[in-house]
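Next up is a structure, given as structure tokens.
Whatever order the structure lists them in is the order used to number ligands and atoms, beginning at 1.
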Amino acid sequence: LAQDKKWRIGFSQATTIEPWRAQFNKDIIAEAAKHPEVELIVTDGEDKTEKQVADVENLIRQEVNALLISPKESAGLTGVVQQAIDAKIPVFVLDRNVETDQYTQFVGGDNKLIGRAAGEYAVELLGGKGKAQGNVVEIWGGMGTQPAHDRHDGFHEFTDKEPGIKNLLDQQSGDWKQDQAYNIMATALRNNEKIDLVYGHNDPMAYGAYLAAKDAGREKDIKFIGIDALPGEGVTWVNNGELTATFLYATPGAEGLRQAIKFLNGEKVEKTVTLDTMRVTKENAGQIMKDNGL
Ligand code: FRU
């Protein structure tokens with residue numbers, strides 16, 4: 001360890017092919033650059049559970065002072081997180097959970113709350129409480145992840161109360177990917193003459209569905225809702241009128257690293273740090289882009 005480096009922190013990322021995760025890595029690396037006492041080691045699970053498990057085992061062997069992990073899925077990464085905990089390494093779980101609560105801290109958005117906000121807005125778009133009418137296509141994120149389940153549950157707390165809303169699909173997962181969502185939507189369009197609203201568990205999938213509808217000449221009849229609100233993606237698509245709304249899911253990169261440093265410096269940290277969300281529609285999309293230099 002170089003003289004000025006006090007803490008060696010490992011960060012195991014699930015994948016970097018998804019734009020939100022690329023931003024997440026940028027955020028954590030930028031934060032690390034502000035702390036000369038920290039050496040940050042970033043690994044890329046390449047969207048494969050086995051690879052991410054091997055990454056974490058490696059970081060444990062390197063005896064990092066703290067481990068940050070954003071797991072690809074809950075079940076497959078639980079064992080290795082437990083190994084780190086058993087090795088007395090403080091573990092900070094970011095964005096997606098694992099099936100143990102013996103970690104030091106969880107940092108991420110409240111996906112149930114975001115799902116509720118999306119559901120409430122969907123009801124409004126389809127005619128309002130008690131009067132909403134429409135056929136809905138929901139495209140799930142990865143089935144083995146808590147965010148997908150929470151985004152589903154929150155949404156349905158609102159839409160299931162509306163007898164006029166019909167769900168056209170049953171648990172169809174696009175695994176967070178634009179191209180998979182495109183295919184799901186292309187099939188849904190062939191099978192259904194009337195689709196009124198698409199709820200994608202993230203923006204790439206909502207946008208993939210939009211592109212499928214556009215290719216079928218039906219995009220004008222359909223409202224598209226996504227989640228993430230990256231300025232160069234979801235927010236831009238909302239500003240272009242392609243998506244109707246997206247909900248901010250801030251990356252926990254900067255905050256996660258700050259919390260780990262705080263803990264390593266002997267300060268107390270909360271068990272859970274929840275990041276704020278907001279709704280992005282045509283009304284505020286342009287301003288958000290400007291604020292981000294777009
Ligand atoms: C990126 C991503 C985001 C989504 C998050 C959920 O891998 O799919 O688009 O909001 O993961 O964990």
Quiz item: Are K161 and F158 in a cation-pi contact, defined as NZ or CZ under 6.0 Å from the six-membered ring centre and within 45° of the axis?
Solution: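 Verdict for F158: a cation-pi partner in K161.
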
Self-check item: Shell of residues surrounding ligand 1, defined by a 4.0 angstrom heavy-atom cut-off that is strict
Solution: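 Close residues (ligand 1, cut-off 4.0 Å): E18, W20, R21, D95, R96, P147, R151, W176, N202, D228, Y249.
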
Exercise. Could you point out which residue of N25, T15, T16 forms a side-chain hydrogen bond (donor to acceptor under 3.5 Å, both in side chains) with D44?
Key: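 By the side-chain hydrogen bond (donor to acceptor under 3.5 Å, both in side chains) criterion, D44 pairs with just one of N25, T15, T16: T16.
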
Exercise. Assess the pair W237 and Y210: is the distance between their ring centroids shorter than 6.0 Å?
Key: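 That pair fails the under 6.0 Å test.
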
Just list the side-chain donor-acceptor pairs under 3.5 Å for residues 127-134, sequence neighbours left out, or say none.
none

Quiz prompt | Given N97, T145, T49, the one that forms side-chain hydrogen bond (donor to acceptor under 3.5 Å, both in side chains) with E73 | solution =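 That would be T49; it is the only one of N97, T145, T49 passing the side-chain hydrogen bond (donor to acceptor under 3.5 Å, both in side chains) with E73.
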
Exercise. Would you please classify the geometry between the F92 ring and the F263 ring as parallel, tilted or perpendicular, with 30° and 60° separating the classes?
Key: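 Rings of F263 and F92: perpendicular, as their planes differ by over 60°.
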
